[in-house]
Amino acid sequence: MAIDTTAPEAPLGAAPPPAAPAPHRPVWLQQNVLTAIVLAVAGFALGHWAGNRIAGGYPNVAGASGENEVAICLSLGLGVLGWLLGIGALNYPIAKMFGREAIQEPYNPSWTRFFKFSTDHKVVGVQYFFGVITFFFTAGLLAMAIRTELLYPTNHLIGPGTYIEIVGEHGTMMMMMASSAVVGPLGNYLVPLMIGARRTAFPRIEATSFWLFTAGYLVILTALPFGGFPTGWTGYAPLQTQASGGMDSYLVGFAVIGLGMILAGFNLIATIIHYRAPGMTWARVPVFVWSILATSALLALATPTLVTAGLFGILDRTAQTAFYVNERGGSSFLWENLFWFFGHPEVYIMALPGFGIVAEILPVFTRKPVFAYRVATAGMFGVALLSFFVWQHHLFQSGINPDMRPLYMLTTELISIPTGFIYLVTLGTLWRARIRFEVPMLFALGMLFNFLIGGVTGVFLSDVPVDVTVHGSFFVMAHFHYTIMGGLIFALFAGIYYWTPKVTGRQFDQRLGKIHFWCMFVFFNCTFFPLFILGLLGMPRRVFTYAANLQFLNDFSSVSAYLLGTSFLIFVANFIWTIVIEPRPAPANPWGSLGLEWQTPTPVPYYNFERIPVVMNDPYHYAEADADPVADISLPPPAVAMNRPPAAQAIEP
Amino acid sequence: MAETNGSSSPPTGTTGSGTPEPPHAKRMITFWLIISLVVDVLYYTLAGPHMPPGDMTSAASGAQFDLNILMICALPVILGVWTYLGYALYNFREGRPGTLLTGPMAHGNFRLQVGWMVGTTVLVLGLFVFGTAELIIPAGAGGGEGPDPIWTPTSHTVLPIQVIGQQWKWTYRYPTYGGFETTSLVIPDNTTIAFHVTSLDVIHDFWAYQLGIKADANPQQDNVAFTTTHQLGQFTVRCDELCGLWHGAMYGFGHVVTKAAFAAWATRTEAQLAANTKLLPPFQWTYVPDANGADGGYYPDNVDPYSKVEIYGAQKAKV
């Protein structure tokens, strides 16, 4: 137990707002998303000009369709820099560099704060929510196009070139989105509230991670006008080295998103370790916060590999290095290894927060403590640790290290042990409970159902002889859609339905929510289960044509995919109608949760807690009349009162 | 994930009311055992013999057997969780007559937790030992084993066939027949074959579905996969690693024929293609990637593949 009841210095250090508010800047000098767009465009143009000046005369850096790779990479890089400058993410370090204090905008509670660089973790959480939803729906539309092309085995509606572009764009955007899908919105919003902190450890870094996330979205979209990239989301070299300008968007986009993921990870790690309220011992930390801690550790440790690998790729394409070029002494295996050394922890970045949400929500709707709390945390950290030792199972057939295949088969199968812990915890929590089938609970149960299929099929893939058949086929595709879409996205929607009353003070229409769940659950399974069979029947991934006898299953999957896409419209309609147009006020604690986040007023004040709460119990003692309350948020913490003058605790929201 | 049948002994808690609880655990376990047995037997007898990739070769039948064993282990796990979920969600739902007003406060159950961990570990280690044996004994189970395979077939008469991937077609060279190169893949029955898979440009993946063979085609790398044919017939070849624009169209068919028919075909083709073979680069296990693979050229010519200008020592591509 690192921190017991002694108050850490940090939470209060953050508290007092600036004594004399900085002079209000005129509107045309305020930085917001519009200035960001202007500077991003300027940076893009400058980079393009500079790139052509530097490398215009070198045919070696011309891609397959004749464009100058240096100009593309520089324009994307400077465009992102302009975006960050324009939004104001770099004001503070630049001012400090010149020995000055940065101008700090006074807190402005109007809606415009969502379009600015905000260091309020709650604003960042909401920004991330809309960013993730935009990302998700953009990539989802591309998925509809993929399923449309696969309606016919040989008639082509969009053709192989567009098809391969769309497949790569869909995969890459979904992976980028899913890495931050829960950590971004829910992690940033909820972690400080759940651990009794007033802010995160590094608010400027937190905000920067969001604006890098949006920049990554824009960069990966530029792949389409640059002609797309033919490699899918895995970006294998030498196809990568051979590809045209869209590949630069892929490499720069992943580097930008990756930088944001690293920053977000470090911020949350530091917050969870150092910003817990007095009494929030490790044994009282909510399971969701544990899952965010494990995920953040993966974000901070695995993502640098991706950024480095992408940098090598950019250098190969611009400076004519040869990291991945076999005939000049490089190796195409290098990309495969670097990519999957990031890529496999990445899939747990996308799974662990889902476990956390489900384990956090189940006790509320079963009115029971979470079963085997320590096993849950051990499971999540076991998965996180083992995920660094399995990456070569993606290369079983590649011919590299063939004698190491049993080892990677073992480590991969071992992961199912800590994953099984999560099932022990969730199933144990259901045992002789009082189960309420509210919308968040339905999504959590849907996640358990889907992830079971996704997980068990993962064992098939880890087994080398079976992998000879299913590797690279639709079976793999179905497997990871069951874990990411069926696991993470279902858990994300459980979290959205569960915490929206806290965030907005408004409540979704529950009937529409249930219709949304049932449509999404049924059509998700109808879309992706046939893909297991297609894979076993010999259909490879990422093909635009297939054997004629596989048409029925493909059409069944396509029609289900359209209906699955439609089910999200129910969610959007519900959101627009009951949250925005005709708001329905939510009760203060609609689900009867004991969680610390529900004990703050709604909407949550700027500094979250009037006084730092003293935590006295874990938040899972449901239906225990004699249990201690979770926290006392009304008393001034004695330890703090001794260390600090009372004035420092006064809060003016 | 492999939750075992640990779900069989659920946690015990203190009841909030005095009424005796029905024997939930016993009911669930009984139902689960019966349904698992029935489903496993039905699967193995009805579906098992027809599971992919069939039994055309030793690698294929090995993979089929392996898949069936895994299914037999996986089905009870899935059924166990489904049984538990179905039972719990029905019986422990709020508002059901006789539901406990306050659930039992089980924060954990030591014996169950340890049992679960031991159960999953035993299952996982069992699968690992089985999978390793199935990988090593049939000489790599049809997967690519790199240039120096350590698990090799017992047969001393192995027919080597070189598989060359390039954007976007497969060609085959038969080194024991003068190294002729053809787009038809013909192999003899009851013979151990060594597929030497390589690429002239990007990474492809040679997937002979019914043969149970899958091996990446890496540039400048010889990737060997073994199998022994058992049946005559046609099989499908597809590229299984995204290799660019026409990846989806990179497929074809091969044929397993009798040994006599194969010998006749190979000798005849060798003679027919003799003039072509002279123009080919001499047979090697790997070739330097070709600049013009995508443009229709077949052969390496020492031109830098990714640049529009010549580099030192390079020859211009022959058009």
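Reminder, nothing fancy here: chain letters follow the sequence lines and each chain counts from 1.
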Charged N to carboxylate O below 4.0 Å: is that the case for A:R367 and B:E94?
no
Which answer fits A:T412, side chain, backbone, both or neither, if we ask what part of it has an atom under 4.5 Å from a heavy atom of chain B?
neither
With only heavy atoms counted, which part of A:T469 is less than 4.5 Å from chain B, the side chain, the backbone, both or neither?
both
Contacting moiety of A:E336, where chain B heavy atoms sit under 4.5 Å
side chain
Region of B:C73 that comes under 4.5 Å of a non-hydrogen atom in chain A:
neither
Taking the side chain as C-beta and beyond, is there a heavy-atom pair between B:P219 and A:S332 under 4.5 Å?
yes
With a 4.5 angstrom heavy-atom cut-off, which part of A:Y373 approaches chain B: side chain, backbone, both or neither?
backbone
Between the main-chain N or O of A:H471 and the side-chain N or O of B:K214, is there a donor-acceptor pair closer than 3.5 Å?
yes
Using non-hydrogen atoms and a 4.5 Å limit, figure out which bit of B:M51 sits close to chain A: side chain, backbone, both or neither.
side chain
Rounded to the nearest 0.5 Å, what's the gap from CG on B:D205 to OG on A:S473? Could you check?
11.0 Å
Does atom OH of A:Y408 have more than 12 heavy-atom neighbours, drawn from other residues, nucleotides or ligands, at distances under 6.0 Å?
yes
Chi angles and distances behind the side-chain contact (heavy atoms from CB on, under 4.5 Å) call for A:L452, B:I78:
CA-CA 7 Å; A:L452 176 70; B:I78 292 178; 4.0 Å; yes
Work out which heavy atom in A:T545 is nearest to a heavy atom in B:R238; give both atom names and the distance.
O-NH2, 3.2 Å
Return the option, out of A:G168, A:A547, A:S398, with the maximum number of heavy-atom pairs under 4.5 Å with chain B.
A:S398
Residue part contacting chain B, namely of A:N401, when any heavy atom lies under 4.5 Å:
neither
Best-contacting candidate, B:V197, B:L85, B:L89, against chain A by heavy atom pairs under 4.5 angstrom
B:L89
side-chain hydrogen bond (donor to acceptor under 3.5 Å, both in side chains) between A:Q397 and B:E241, worked out
CA-CA 11 Å; A:Q397 266 66 255; B:E241 188 56 71; over 6 Å; no
By a 4.5 Å heavy-atom criterion (distance strictly below it), what part of A:L414 contacts chain B: side chain, backbone, both, or neither?
both
Interface check, chain B: of A:D467, A:V464, A:L537, most non-hydrogen pairs under 4.5 Å belong to A:L537
Decide yes or no for A:V459 and B:L127: does some side-chain heavy atom of the first lie under 4.5 Å from some side-chain heavy atom of the second?
yes
Find out whether B:L245 and A:P230 are in side-chain contact, i.e. whether some heavy atom of one side chain is under 4.5 Å from a heavy atom of the other.
no
Top residue by heavy-atom pair count (under 4.5 Å) with chain B, among A:I164, A:L410, A:V375?
A:L410
Closest contact, heavy atoms only, A:P465 versus B:D66
CB-OD2, 3.7 Å
Here the pair of heavy atoms bringing B:F128 nearest to A:P406 is CE1-O, 3.1 Å
Tell me, side chain or backbone of B:I150 under 4.5 Å from chain A's heavy atoms, or both, or neither?
side chain
Residue pair A:L424 / B:L112, side-chain heavy-atom distance below 4.5 Å:
yes
Between B:N223 and chain A, which part of the residue has a heavy atom less than 4.5 Å away: side chain, backbone, both or neither?
side chain
For the pair A:F449 and B:W82, name the ring-plane relationship: parallel under 30°, tilted 30 to 60°, perpendicular over 60°.
parallel
Below 4.5 Å from any heavy atom of chain B, which atoms of A:M539 appear? Answer side chain, backbone, both or neither.
backbone
Mind checking the CG-CE spacing from B:L135 to A:M409? Nearest 0.5 Å is all I need.
5.5 Å
Contact part of A:V425 toward chain B, heavy-atom cut-off under 4.5 Å: side chain, backbone, both or neither?
neither
So for A:V167, is it side chain, backbone, both, or neither that comes closer than 4.5 Å to the heavy atoms of chain B?
neither
For B:L242 and A:R541, run side-chain contact (heavy atoms from CB on, under 4.5 Å): C-alpha distance rounded to whole Å, both residues' side-chain angles, the deciding distance at 0.1 Å, then the answer.
CA-CA 8 Å; B:L242 183 53; A:R541 287 167 74 178; over 6 Å; no
Please check: side-chain N/O of B:W151 versus main-chain N/O of A:D403, any donor-acceptor pairing under 3.5 Å?
no
Can you say whether A:F437 sits under 4.5 Å from chain B via the side chain, the backbone, both, or neither, judging by heavy atoms?
side chain
B:Y209 side-chain N/O to A:L536 backbone N/O, donor-acceptor pair under 3.5 Å:
yes
CG-OG1 distance between A:N326 and B:T286, expressed to the nearest 0.5 angstrom
10.0 Å
So which part of B:T236 gets closer than 4.5 Å to some heavy atom of chain A, the side chain, the backbone, both or neither?
neither
Taking side chain as everything from C-beta outward and backbone as N, CA, C, O, which of these in A:I400 sits under 4.5 Å from a heavy atom of chain B? Side chain, backbone, both or neither.
neither
Do A:F421 and B:Q113 have side chains that approach each other closer than 4.5 Å (heavy atoms only, starting at C-beta)?
no
For each of B:A60, B:G142, B:A225, B:G143, tally heavy-atom pairs with chain A at distances under 4.5 Å, and name the one with the top tally.
B:G143
B:W207 and A:V468: which non-hydrogen atoms are nearest, and at how many Å?
NE1-O, 4.2 Å
Start with the C-alpha distance between B:H247 and A:F544, add both sets of side-chain angles, then the distance that settles side-chain contact (heavy atoms from CB on, under 4.5 Å), and finish with yes or no.
CA-CA 8 Å; B:H247 162 65; A:F544 57 87; over 6 Å; no
Can you confirm whether B:Q167 sits close enough to A:Q242 that some side-chain heavy atom of one is under 4.5 Å from a side-chain heavy atom of the other?
yes
Using side-chain contact (heavy atoms from CB on, under 4.5 Å), reason through A:Y236 and B:V202 one step at a time and then give a plain yes or no.
CA-CA 9 Å; A:Y236 274 13; B:V202 302; over 6 Å; no
Would you find a donor on one side and an acceptor on the other, under 3.5 Å apart, between the side chain of B:N218 and the backbone of A:F333?
no
Chain A contact via B:F110 - which portion, at a heavy-atom distance below 4.5 Å:
neither
Write down the atom of B:A74, the atom of A:V456, and the distance for their closest heavy-atom approach.
CB-CG1, 3.4 Å
Bottom line for B:Q221: the part with an atom under 4.5 Å from chain A's heavy atoms is side chain
Evaluate the ring-ring contact (aromatic ring centres under 6.0 Å, His included) criterion for residues A:W431 and B:F92: first the C-alpha distance (whole Å), next the side-chain angles of each, then the deciding distance (0.1 Å), finally the verdict.
CA-CA 8 Å; A:W431 178 246; B:F92 307 140; 5.5 Å; yes
